[in-house]
Amino acid sequence: MNNDVDDLTPSQRQAVEHVDGPLLVLAGPGSGKTRVVTRRIAHLVGSGVPPREILAITFTNKAAGEMAERVEAVLPAARVWVSTFHRFCARLLRRHAAVVGLQSNYTILDTGDQRAALRRVMHALDLDPVHYSPNRLAWHISTAKNDLITAEAFARRYADGIGDHWQATVARVYPAYQQWLLDSNAVDFDDLLMHVAAMLAEHEELRGQLDERFRYVLVDEYQDTNSAQYQIVRALSQRHPNLCVTGDPDQSIYGWRGARIANILRFEQDYPAARVVRLEDNFRSTQAILRSADALIAHNTQRKAKRLITDNAEGAAVQLLRFPDSHHEAEGIARKIGEMVESGERTYNDVAIFYRVNSLSRQLKHALRRHRVPFQVAAGVAFYDRAEVKDMLGYLRLAYNPADRAAFLRVINSPLRGLGKTSQDRLVAWAQREGLDFIAAARRAKEVPKLSKRAISGFGKFARMIDDLSLADAGSIENLLTSIIERTAYTKRWEGSPVEKEQQQLANVQELVAAAKQFDTTFGDETSLEGFLEQACLAGETDSLDDSSGQVTLMTLHAAKGLEFPVVVIVGVEEGLLPHERSLRENDPSEIEEERRLLFVGMTRAQHHLMLTETGRRAMHGRDVMTIRSLFIQEIECETVECDEDSILPEWQQEQIAESLSQHRPAGEGPIEFDRKPLLMTAADLMNGTKKGIEIPQGFRAGMLVRHPRYGRGTVTLTDGFGARRTVTVRFEESDLTKTFHAAKSPLQPIGT
DNA sequence: CAGGCCGTGCTTTTT
DNA sequence: GCACGGCCTG
């Protein structure tokens, strides 16, 4: 056990050695916060605190995983509970489900299920989803839950048409949606927190027990806690307020999803006995970068005075690169990165590009591809978000919790069983009337009015299958999953298919089976469907970022929090983008402060070299507009560099090349294959080019090899007509089909020979 | 039941 | 200007 504190700064040491009583650690960027937290846990245990009395809470699975790993390294085999808020709440709720009216085998709905459920509920309330977008309603409900406003409270507050029509609508939908969840014995993500907060608030004895059980509570990224999380933490720290929170108000960037920066700002009022430790020494960035970031954040009022100090070198000045437009910007950045790497000064790994909105990444990706710069994008569809994986989980959920309506509706006709919308609606309506869950209704399908013979037998078979699966629950998860795949013949439609997408889907299903097997192995006799589902439902995006893959990393500013890179480029630092136009519209200074923090977070990711970019004009909402200089640019210290590159290809040509390259290889998936000849352009591109009166080197002609996204490779056998009426006839290799297309509209792509 | 067409609206994202 | 969702038709 490492209790040696010689390698710590005086303030780090203060935090590490603090044992009893509330502690606020204000940790600036790059100040070694995670290290301090883990070392403090080690110190607690070293001072005689039983590990099981320690609870460390983070926001993300990634953070929890890292912390657990580091605690394990210092304290092998210590049973410290390191968990995310949601997972912690899921466990508590599992144990005390009855307190909030659930059964312990409740299931967790993801956002997709949640939206589907909302649609159903709205349909039942005769609400038009075009006028009232389910997404927006979901957002309102989520906001209410984060603020611990229950459905009843909401309905009461906006009863009798008080409030605007949105509030009035939410007042109808929210309670109905909660009833749907309760009938499904299910919760959504926000419920996990809200139910636990309510449970702790209303059951003093239980709260007392848990307060006693978790005597030492640590909360990371405290500036990101919402009201529900705040209440939960408080409830666990009354009799034993050995609460240690770490965070940085200057890095609070999630106000829009309910985070309350006030929680950290008022910590000392909440706990007057609190000790406050500031970690101000920065081990990451150069002085030039820190000075600039510090100057920026100093313009905020919602903060705690805190400096950024470093012993690092002065380093290069922060640069503001000015480009005429976004094409030059993307091109200039790609070229610059290429040069840095070619000169041996940097590797691709060293570089990250941040942007305020995802849409800005498109041109960047194209430019990077053109310059043969390998890159990865931090985004992408999470593994557990893929339809086939969610279907598999749907079966598992149904086996575990037969009341789960969202799961039922998800898988009832997948794979296709001829149980379409009409049959489903009839069954659902009858189930509601009879007060049955959907599986029970399916079991008794012959009693449902107007159901076809086929539907009755289909529902019956489905119900029997789920019943069997529920009984089979005792075995391993892997076996259960395999038998689901067998009994449903789920993957049959894809087996041996030449379509790449279907092969991928097949692979995803197999990957889930592998994950189940892994889970079984890890937990041995302790393996449980409950545990596996919890892991799957609460797992976010799989760690798709690889810091050793030799690629430039692209991500939003939000995603950049907690990371660091030698070279950082932040693009589009312009009024309307950063600060974002929506933060300006309400003229609410606190929203602009959050935008400023966002830039601050981005800037402080840089270790050696920081560049911001700005353009003269940029397409916004499809319109080309003159750019206005960002408010923030005048607040920082930087050196302006005019980047007027005239040697780059004209815009239209770049676009076409980029388009075809992106067809060739979907963004962010795997390494770029350089040696394969890129596709030139699509037929539509060729025609559009012609229309613009620009000479195209080659149109379609007989004998040309082409690719169609649906039919695959083929050869042009015939061409006819001119201009918009030009047609191309292609014979496809795979299917031996011959098809004729309007050249201007077809997605045909010539393949470089 | 898929595919095409039209209308809309448009940060940020975890769990 | 583009992407997505809903609706309609072959």
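Convention: sequence-line order gives letters A, B, ...; per-chain numbering from 1.
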Of the options dT11(B), dG9(B), dT15(B), whose atoms approach the side-chain atoms of Val357(A) most closely? dT11(B)

Classify the nucleic acid contact of Arg597(A) as base, sugar-phosphate or nothing, counting any heavy atom under 4.0 Å across all strands shown. nothing

How close or far is atom C1' of dT14(B) from atom CD1 of Ile253(A), stated in whole angstroms? 12 Å

Distance between the C1' atoms of dT12(B) and dG5(C), in whole angstroms? 22 Å

What integer distance in Å separates Leu109(A):CG from dT14(B):P? 19 Å

Got Ser583(A) and Glu594(A) here, is their nearest side-chain heavy-atom distance under 4.5 Å? no

Picking from dT12(B), dT13(B), dT15(B), which would you name as closest to the side chain of Ala559(A)? dT13(B)

Quickly work out the Asn226(A) CG to dT15(B) P distance and round it to whole Å. 14 Å

Report which part of the nucleic acid Glu534(A) touches: base, sugar-phosphate, or nothing (heavy-atom distance under 4.0 Å, all strands). nothing

Do the side chains of Lys390(A) and Asp110(A) get close enough for a salt bridge, i.e. N-O under 4.0 angstrom? yes

For His621(A) and dC10(B), is the gap between ring centres under 5.5 Å while the planes differ by less than 30°? no

I want to check a possible cation-pi pair here: Arg596(A) against Phe632(A), using under 6.0 Å from ring centre and within 45° of the ring axis as the test. no

Here the distance between atom C1' of dT12(B) and atom CD of Glu591(A), to the nearest Å, is 12 Å

Comparing nearest nucleotides in DNA chain B, the 5'-proximal residue of the pair Cys537(A), Trp256(A) is Trp256(A)

When all nucleic acid strands are considered with a 4.0 Å heavy-atom cut-off, which category describes Asp110(A): base, sugar-phosphate, or nothing? nothing

Shortest side-chain distance from Asn61(A), nucleotide among dT11(B), dT15(B), dG6(C): dT15(B)

Atom CD of Gln363(A) and atom P of dG1(C) are separated, to the nearest Å, by 13 Å

Using the P atom as the point on both nucleotides, what is the distance between dC4(C) and dT13(B), in whole Å? 15 Å

Value in whole Å for how far the C1' atom of dT14(B) lies from CE of Met555(A): 16 Å

What's the closest nucleotide to the His558(A) side chain, out of dT13(B), dT11(B), dT15(B)? dT13(B)

Scan Arg356(A) against the nucleic acid and name what it touches under 4.0 Å (heavy atoms): base, sugar-phosphate only, or nothing. base

Just compare dT11(B), dT15(B), dT13(B) and give me whichever is closest to any side-chain atom of Thr84(A). dT15(B)

Just how far, in rounded Å, is P of dC7(C) from NE2 of His123(A)? 11 Å

Compare side-chain N and O positions of Arg257(A) against OP1 and OP2 of dT13(B) and report whether any pair is under 4.0 Å apart. no

Checking one value: the base orientation of dT12(B), syn if chi is within 90 degrees of 0, otherwise anti. anti

Would you classify Leu416(A) as touching base, sugar-phosphate or nothing, given that sugar-phosphate means primed atoms plus P, OP1 and OP2, and contacts are heavy atoms under 4.0 Å? sugar-phosphate

Side-chain contact check for His580(A): nearest option of dT13(B), dG9(B), dT11(B) is dT11(B)

Closest listed nucleotide, where the reference is the side chain of Leu538(A) and the choices are dT11(B), dT15(B), dT13(B): dT15(B)

Let me know the distance between CG of Asp220(A) and P of dT14(B), rounded to the nearest Å. 16 Å

State which of dT14(B), dC2(C), dT11(B) makes the closest approach to the side chain of Arg362(A). dC2(C)

Is it true that atom CD of Glu581(A) has more than 12 heavy atoms of other residues, nucleotides or ligands lying nearer than 6.0 Å? yes

For the side chain of Asn358(A), starting at C-beta, report the closest nucleotide among dG5(C), dT12(B), dT14(B). dT12(B)

Would you sort out whether Ser630(A) and Glu574(A) count as a side chain to side chain donor-acceptor pair (under 3.5 Å), showing the intermediate values? CA-CA 4 Å; Ser630(A) 168; Glu574(A) 297 156 12; over 6 Å; no

Nearest-nucleotide wise, let me know which of Ser583(A) and Asn413(A) is further upstream toward the 5' end of DNA chain B. Asn413(A)

Taking the six-membered ring for Trp, is the centroid-to-centroid distance between His558(A) and Trp256(A) below 6.0 Å? yes

Within 45 degrees of the ring normal and closer than 6.0 Å to the centroid, is that where the cationic atom of Arg397(A) sits relative to Tyr400(A)? no

